[in-house]
Amino acid sequence: MGHSAAEAVVRAGLTLVPFTLTGYSAGVAVSNIGVAGIPVEVVGKERRQDIMNRIREQHPRLIVVDYTTPNCVNDNAQFYADNGVPFVMGTTGGDPQKVAAAAEAAGVYAVVSPQMGKQVVAFQAMMQLMADSFPGVFRPVVAFQAIIQLVVAFQAMMQLMADSFPGVFSGYSLSVVESHQRNKADTSGTAKAVVQSFNKMGLDFKENQIRKIRDRVTQLEAMAVPEDALDGHAFHTYTLRSPDQSVEFVFKHNVTGRSIYAEGTVDAVLFLAKKMQEGAQQKVYNMIDVLREGFLR
């Protein structure tokens, strides 16, 4: 993902600083092939402070983009905060609250989001709007009343969507299935965020009930992931049913490849640079803030 983001940075005409900082891993793909013809040097944890000092001298308007493994997230965020370096954190896992707290304590600008795909973030934002506007709308009630609530909520949601973001949401009981490339260790951060919104609407569903698929056969046969996308995809299916099973809604957002996240990451970088230039009082943001600002290319 870091390689794709770096390529998007170059495509956007921004300056790519040719270093990649590794945490506990040995290296990343960009060290072998470079990015758009630009050689990229891999810097291990033992050298990162010296290299960061040099980079900050040469690039005083530096913004770091972080895509790494979950076990490195919080340490990396603290490192950026200690160095006063603004950052865009797209890595899932770790503790997002601690990441944001580290940035806030240091007064560092940051965009922290487990999901950088703009369209998927709009889906999440609509879930939040729905949860805030209609708390408990999907609690079990008698069948006819349930259907009326469902339709009214759906219509209201469509109106909210028209005013805010594209998307549509409904349901009573919930099942969630997510599939990603096999080297993604943690459960989808996007699925977790959507589940939190469903919880607020009255659904009893725990994050550990999310079905996480990483095996090739199930991805191909059950999730219909294209074979050429097995190494880079994000498939999510949310199925909501009424208590008597007479009403069912299935919502999906399926992504193949990584370009959607890479382009969204560049939007987050440009957004953060604008906030820094304005001297905005707020320091820490997420991708919904980027979306609401309309800072999209």
Side-chain angles (χ1 to χ4, degrees), residues 1-2 4-5 66-73 89-97 99 112-128 130-131 138 165-201 203-241 248-265 286-288 291:
M1 189 59 239
S4 297
D66 189 294
Y67 283 104
T68 184
T69 55
N71 59 330
C72 299
V73 171
M89 175 67 75
T91 304
T92 60
D95 188 327
Q97 285 73 35
V99 171
V112 181
S113 177
Q115 173 59 254
M116 288 291 173
K118 294 172 285 189
Q119 293 80 6
V120 180
V121 171
F123 177 94
Q124 291 177 260
M126 269 308 307
M127 288 301 302
Q128 290 184 12
M130 187 68 176
F138 299 127
F165 309 106
V168 63
F169 318 94
S170 298
Y172 298 98
S173 65
L174 174 66
S175 67
V176 181
V177 183
E178 61 94 344
S179 173
H180 288 73
Q181 55 278 2
R182 64 181 180 179
N183 62 356
K184 179 174 173 57
D186 58 322
T187 301
S188 165
T190 302
K192 290 179 180 179
V194 173
V195 163
Q196 289 176 1
S197 292
F198 277 129
N199 288 157
K200 192 172 181 180
M201 286 187 274
L203 292 164
D204 184 15
F205 191 91
K206 306 294 189 297
E207 288 184 359
N208 61 11
Q209 293 176 267
I210 298 172
R211 185 183 175 198
K212 183 175 70 173
I213 295 177
R214 298 294 182 267
D215 67 281
R216 183 177 187 274
V217 174
T218 306
Q219 290 175 334
L220 289 170
E221 297 180 357
M223 299 297 289
V225 177
E227 188 167 7
D228 61 359
L230 288 175
D231 291 333
H233 71 278
F235 277 36
H236 298 74
T237 301
Y238 310 86
T239 303
L240 302 96
R241 296 185 180 91
E248 178 183 275
F249 288 85
V250 178
F251 304 104
K252 294 184 179 183
H253 52 93
N254 295 343
V255 176
T256 56
R258 294 182 169 90
S259 63
I260 183 176
Y261 311 114
E263 296 301 327
T265 300
N286 57 37
M287 278 299 286
I288 293 176
L291 199 66

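The first residue in the sequence is number 1, and the count goes up from there.
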Residues two or more places apart in sequence or in another chain: which of them pass side-chain contact (heavy atoms from CB on, under 4.5 Å) with D95?
-> N74, Q97, K98
Residues at least two apart in sequence or cross-chain that pass side-chain contact (heavy atoms from CB on, under 4.5 Å) with V176, listed by chain then number, are L174, A191, V195, F205, I210, Y238
Is there a donor-acceptor contact under 3.5 Å linking the side chains of Y67 and S4?
-> no
Distance-only polar pair, side chains of T68 and D66, donor-acceptor under 3.5 Å = no
Contacts of T218 that satisfy side-chain hydrogen bond (donor to acceptor under 3.5 Å, both in side chains) - sequence neighbours left out | D215
Applied to residues 172-185, the salt bridge (Lys or Arg N to Asp or Glu O under 4.0 Å) test, sequence neighbours excluded, yields E178-R214, K184-D186
How far does NE2 of H233 sit from OG1 of T256, to the nearest 0.5 angstrom?
-> 10.0 Å
Gap separating the CG atom of N208 from the OG1 atom of T187, nearest 0.5 angstrom | 9.0 Å
Specify the closest pair of heavy atoms between T265 and A5, including all atoms of both residues, with the distance to one decimal.
->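 Answer, listing the atom of T265 first, then A5: CG2-CB, 4.3 Å.
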What closest approach, in Å, do S188 and H236 show between heavy atoms, and which atom pair accounts for it?
->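 Reported closest heavy-atom pair: OG-NE2, 2.7 Å.
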Return yes if some donor-acceptor pair links the side-chain N/O of T237 with the main-chain N/O of V177 below 3.5 Å, else return no.
-> no
Acceptor/donor pairs from residues 219-228 side chains to any protein atom, 3.5 angstrom cut, sequence neighbours excluded:
{"residue": "Q219", "atom": "NE2", "partner": "S179", "partner atom": "OG", "Å": "3.1"}
{"residue": "Q219", "atom": "NE2", "partner": "H180", "partner atom": "O", "Å": "2.7"}
{"residue": "Q219", "atom": "NE2", "partner": "I213", "partner atom": "O", "Å": "3.4"}
{"residue": "E227", "atom": "OE2", "partner": "R216", "partner atom": "NH2", "Å": "2.5"}

